Amino acid sequence: MELDKESLIRYSRTIMLPQVGEAGQLRLLAGSVMIVGAGALGSICAMYLAASGVGRIGIVDFDIVGLSNLQRQLSYTENDLGQSKVDVLGRRISGINSGIKVETHDEMLTSGNAVKLLEGYDIIVEGSDNPATKYLVTDTARSLEKPCVVGGVREFTGQVMTFTGSGTGYRDLFPDAPCGSGVTPCSLGGVLGPLPGIIASLQASQVIKLLCGTGASCKGEFFQIDVETMQSMKFEFD
């Protein structure tokens, strides 16, 4: 398989990276990612993955666009109010890159459909804002032995956790929903508008590294940043 002339131009800035090259770009185009949650994290992550050329992107969410979303969910506009998030986001990322396949699921992820929805993708991105969904997604990804990149934001603090599909899982780190862990819904804890953009961009970066097989992605990783103090921390786990 070779990149055509248009693809060489579109993805030229990624291909220039010696850690990626044409071989890495081809792996992106052959890759697939399921994004759980079309809110601030999922929607922004989806745009970067589409722009980067991830060949097949799935999105699952049951919510509609609300006025309070527009403060941080830049995939949506005032014209989208009241519409299904997955429908709007699907059109948005298809408009960014018509050469990829977009699969939308306008439904709630539950224990009854999680395996069916997630099993057909290489990597899972968890971008919801409630603990129950995070446990469900990460438990399912672990049972399927699929890498899962989890994001969380609250007030001024954001977290990215990358699980490899084996070894330590989300439930091992957080046996119970922890207070102040970054998984409190924005509707309860509030969030600085640009923060989800930072975390979603980091999630997209982790996914791209995993698909390309480059960078420090062979172990589980936890990264946290406080944009109020500009302090961060990181640790790795098996």
Side-chain angles (χ1 to χ4, degrees), residues 31-46 49 54 57-63 86 103 105 107-154 157-186 188-189 191 196 198-211 216-225 233-238:
S32 60
V33 179
M34 168 57 88
I35 298 173
V36 179
L41 296 177
S43 62
I44 294 173
C45 183
L49 294 180
V54 173
I57 298 175
I59 311 163
V60 57
D61 200 320
F62 64 95
D63 201 6
V86 295
E103 300 169 339
H105 306 272
E107 57 185 301
M108 179 184 291
L109 189 81
T110 68
S111 58
N113 63 15
V115 170
K116 180 180 179 180
L117 287 171
L118 305 185
E119 64 182 349
Y121 295 86
D122 297 325
I123 298 175
I124 312 303
V125 171
E126 203 293 317
S128 72
D129 67 350
N130 70 86
T133 301
K134 280 179 162 35
Y135 284 117
L136 173 59
V137 172
T138 53
D139 286 347
T140 304
R142 191 179 188 183
S143 71
L144 295 170
E145 298 185 343
K146 293 184 182 293
C148 184
V149 182
V150 180
V153 292
R154 180 175 185 264
T157 302
Q159 299 172 344
V160 178
M161 289 161 270
T162 304
F163 300 96
T164 61
S166 60
T168 301
Y170 182 84
R171 193 176 289 275
D172 296 317
L173 294 182
F174 304 112
D176 299 300
C179 179
S181 68
V183 297
T184 300
C186 296
L188 299 179
V191 63
I198 296 170
I199 299 304
S201 297
L202 290 171
Q203 286 183 280
S205 297
Q206 290 294 85
V207 170
I208 290 168
K209 290 191 299 179
L210 286 166
L211 288 175
S217 299
C218 60
K219 290 186 176 181
E221 295 179 334
F222 176 99
F223 175 80
Q224 178 172 291
I225 185 169
M233 62 170 287
K234 175 189 172 183
F235 62 85
E236 295 182 348
F237 48 85
D238 294 332

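Quick caveat: nothing in here was measured; it's all calculated off a predicted structure.
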Student: Please check this pair: side chain of K134 against backbone of G151, looking for a donor-acceptor N/O pair closer than 3.5 Å.
Tutor: yes
Student: Under the criterion side chain to side chain contact (heavy atoms under 4.5 Å, CB included), I'd like the reasoning laid out for F223 against M233: C-alpha separation, chi angles, the key distance, then a yes or no.
Tutor: CA-CA 6 Å; F223 175 80; M233 62 170 287; over 6 Å; no
Student: Identify, with sequence neighbours excluded, every residue that meets side chain to side chain contact (heavy atoms under 4.5 Å, CB included) alongside F62.
Tutor: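 F62 satisfies side chain to side chain contact (heavy atoms under 4.5 Å, CB included) with D106, M108 only.
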Student: Partners of S111 by side chain to side chain donor-acceptor pair (under 3.5 Å), sequence neighbours excluded?
Tutor: none
Student: Partners of E119 by side chain to side chain donor-acceptor pair (under 3.5 Å), sequence neighbours excluded?
Tutor: none
Student: Apply side chain to side chain contact (heavy atoms under 4.5 Å, CB included) to the pair L41 and Q203, showing each step before the final yes or no.
Tutor: CA-CA 8 Å; L41 296 177; Q203 286 183 280; 3.7 Å; yes
Student: Is there a side-chain contact between L136 and L109 (heavy atoms, below 4.5 Å)?
Tutor: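 A side-chain contact exists here, since the closest heavy-atom pair is under 4.5 Å.
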Student: Could you grab the distance from atom CD of E236 to atom OG1 of T168, nearest 0.5 Å is fine?
Tutor: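 Taking CD in E236 and OG1 in T168, the distance rounds to 11.5 Å.
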Student: Please examine the side chains of E107 and N113, heavy atoms only from C-beta on, and report whether any two atoms are closer than 4.5 Å.
Tutor: yes
Student: Residues in side chain to side chain donor-acceptor pair (under 3.5 Å) with S128, at least two apart?
Tutor: E126
Student: Sequence neighbours left out, what passes ring pair (Phe, Tyr, Trp, His ring centres under 6.0 Å) with F222? Give chain and number order.
Tutor: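 F222 satisfies ring pair (Phe, Tyr, Trp, His ring centres under 6.0 Å) with F235 only.
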Student: Side-chain donor-acceptor pair under 3.5 Å between S166 and E145, yes or no?
Tutor: no
Student: Is there side-chain contact between T157 and Q224, with at least one heavy-atom pair below 4.5 Å?
Tutor: yes
Student: Do the ring planes of Y170 and F163 sit parallel (below 30°), tilted (30 to 60°) or perpendicular (above 60°)?
Tutor: perpendicular
Student: Determine the minimum heavy-atom distance between V160 and Q206, stating which atoms define it.
Tutor: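 Scanning both residues, the minimum pair turns out to be CG1-CG, 4.4 Å.
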Student: For the side chain of K234 and the backbone of E221, is there at least one donor-acceptor N/O pair under 3.5 Å apart?
Tutor: no
Student: With D172, which residues qualify under side chain to side chain donor-acceptor pair (under 3.5 Å), at least two apart?
Tutor: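 Here the qualifying residues are R142.
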Student: Does the pair H105 and I59 meet the rule for a side chain to side chain contact (heavy atoms under 4.5 Å, CB included), with working shown?
Tutor: CA-CA 6 Å; H105 306 272; I59 311 163; over 6 Å; no
Student: With rounding to the nearest 0.5 Å, note down the distance linking CD1 in I44 to CD1 in I198.
Tutor: 10.0 Å
Student: Show me the donor-acceptor pairs, under 3.5 Å and distance only, between side chains in residues 31-40 and residues at least two apart or in other chains.
Tutor:
| residue | atom | partner | partner atom | Å |
| --- | --- | --- | --- | --- |
| S32 | OG | D122 | N | 2.9 |
| S32 | OG | D122 | OD2 | 3.3 |

Student: The test is side chain to side chain contact (heavy atoms under 4.5 Å, CB included); show your working for I124 and V137 and say whether it passes.
Tutor: CA-CA 8 Å; I124 312 303; V137 172; 3.7 Å; yes
Student: For the residue pair T164 and P147, establish whether any side-chain heavy-atom pair is separated by less than 4.5 Å.
Tutor: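 Not touching, per the 4.5 Å side-chain cut-off.
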Student: Looking at every heavy atom in both I123 and V207, which two are closest together, and how far apart are they?
Tutor: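 Closest approach of I123 to V207, heavy atoms only: CD1-O, 3.9 Å.
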Student: Using every non-hydrogen atom in the two residues, find where Y121 and I57 come nearest and quote the distance to one decimal.
Tutor: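 Scanning both residues, the minimum pair turns out to be CE2-C, 4.4 Å.
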Student: Just to verify, what does E103 make a salt bridge (Lys or Arg N to Asp or Glu O under 4.0 Å) with, not counting sequence neighbours?
Tutor: R56, K101
